[in-house]
Amino acid sequence: MEKELSRLRCGESATVMRMDTSQPLQRRLRSFGFVPGIRVGVLNQSPDGSVMALEVCDTVIAMRKTDLQKIRVALP
Amino acid sequence: MSEREAPKKIIALMGNPNVGKSTLFNAMTGMHQHTGNWSGKTVGIATGYVNRGDHLLELWDLPGTYALDGGGEDERIAADCIRSGKAQCSVVVCDALCLQRSLILALQVMQICKRVIVCVNLVDEADQNGVHLNAKKLQEMLGTTVVFTSGATGEGIDSLIDAMDGNLPEREAFFEDPVADAVEIACACVEKNGCSRTEKQLRIDRLLLSRGFGIPLMLGLLLLILWLTIWGANYPSQWLEKLFRLGYLGLERVLSPFPWWVRGAIADGIYATTARVLSVMLPPMAIFFPLFSFLEDVGYLPRIAFLLDGGMQRCGGCGKQALTLCMGLGCNAVGVMGCRIIESPSARIRAILTNSMVPCNGRFPTLVLLASLFFGKWWSSLAVALCICLGVLMAMAMTGVLSRWAERKDDTPFILELPPFRQPQLKKILKQSLVNRTAHICLRSLKVAAPAGLLLWVLTNSGFLRSLAVFLDPFGSLLGLSGVILVGFLFSLPANELFIPVILIAVSGAGSIAGADQLNAQVLGSLWTWKTAVCTMVFTLLHWPCATTLMTIYSETGSKKETAAAFVLPTAVGLLMCLALNLLL
């Protein structure tokens, strides 16, 4: 099942399918190893729910939901 | 052998942020580092030397970089340095815990540089977490020298130095796609028994970052730190005051054969001002800095950015601005420089302009002193906490106002790494924060305080200070302050630490402070009401940044207009707030 990465709940993980993010963000994400095919897990959400903490390539990064809406993931 | 001798080789040390580069750098250079300029930038690259007996190796500690094509200003410095080819050899420091990500940068560097050493750091931490690396295979696949180190235990540092000093074979890059190749290499060489984060770490994060408790816990932590600072600073302050009074009496005796103006200039001018700066500054800073470094070392600061990004986002800023505000608590000039981590140029300017709204270490002791004089022992930490929160809120509000003026909404992406919690090295914290930071700040304020003391004494004796205070008095009382307080703010432009000493010297006049140095409490307590104290605290928080910060803003933005804005903006806010407080209270 495919959906937006921003719709994952805490504790869920999925595989990145497509990234329709802006060029700078894509470059930035690449340096974290965040590319299609990689597995991401959601660890936390910020108090107002606008930021999510993701685990990717053994690193935890925080990203905004507005950016995460542009990333499609597939749930196993 | 002297350091002036030309080094044999220049080696650039680079790597992802937070992989322990600087720890390695210090371990190799024995902390003989001095920061040097590079390509017109004020700071960013630290230079150090490794002594190899008959020759030197020059080591450059570049700012942490995620990738050579990253967006931030600090990353651009590192990338430019590598591309310039000034360094004969590069050491890419990798994190053993997340090798795959570190290798992306390593492979990118290998595409540009011919001589690269890959240094896999934090191997002890990886061992503890059940991550094992196949050294031989890694070396084979990378086709370059690989060294395993641990900055904390010192393991492998000698072999890293040997590798840097030795002759590295030149090699051609063959990595077409760094990301895909990094994945392949990491898969082949890393054997993992478990998670990169332990269950305990995940649980702590779930609590610290949780919806309900995240922000209350953060505020509670702030309050606790302030309470410890105020409560703890009380005693050493009293000892220092006693000590300085004894010193004053001794100095008077020594100077008695000299004419009155020599005595006055040295004892009442230079000595008294310096002593006051120290007794106000030193105790709170000596307690606050270690506590703050502790949070820094554990890895809590990025979590603050995570918690505050939502609010910051609504104001057109980003969570990283919260980090620069935290740095501003130490020193606004450092905070302004720290704004380099913000990728969006316009958001960065907004962060620079509002940074001085958090109290730096020059103003923080003033707040602590006023709060403990007028609000008692228990309420004072709450008052200071409210002050800091007010500063942060005003910074956010002003960022919001400024971003309304911005031509277009910029949608710079926000990515922030949340590092694993690390066991803080208490010894290092104490040494760094007490010896280095506190001593550095004291020296700096002494350099300002001694000449300022002399000048103040001359101005007081010539009656200038008094007439200026009288002249400013109507304006001051309109703001709930007084002429003397405004004089204090005007004269503390070189360094905010001078505020209290200027006021004391202006209030008590020349000579009269002399014997009766029962300082702060009586003098201020008898002259001011709590309303004056509140207005003074607000204006301490919100007025022009000190000269050092202004110069830093100019060198960071390169624009006179923005520097002027950084002066006017907080001042205007402060004036308006004081005016409103005076009318309302």
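Every chain is numbered from 1 and lettered A, B, ... according to where its sequence line falls, protein lines coming before strand lines.
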Contacting region of E417(B) [heavy-atom separation from chain A under 4.5 Å]: both
task: Would you mind checking which part of S102(B) comes under 4.5 Å of any heavy atom in chain A, side chain (CB onward), backbone (N, CA, C, O), both or neither?
output: neither
task: State, yes or no, whether a side-chain contact exists between L217(B) and L208(B) at a heavy-atom distance under 4.5 Å.
output: yes
query: Tell me, side chain or backbone of V51(A) under 4.5 Å from chain B's heavy atoms, or both, or neither?
result: both
message: Between Q26(A) and T21(A), is there a side-chain donor-acceptor contact under 3.5 Å, judged purely by atom types and distance?
response: yes
message: For R211(B), is the CZ atom crowded, meaning more than 12 foreign heavy atoms sit under 6.0 Å from it?
response: yes
statement: What one should report as the nearest heavy-atom pair of L75(A) and A14(A) is CD2-CB, 3.9 Å
Segment of L105(B) engaging chain A (4.5 angstrom heavy-atom cut-off): neither
query: Is it the side chain or the backbone of L54(A) that comes within 4.5 Å of chain B heavy atoms, both, or neither?
result: neither
field: Smallest separation among heavy atoms of A53(A) and V60(A), with atom names
entry: CB-CG1, 4.2 Å
message: Less than 4.5 Å to any heavy atom of chain A: does that hold for the side chain of R314(B), its backbone, both, or neither?
response: side chain
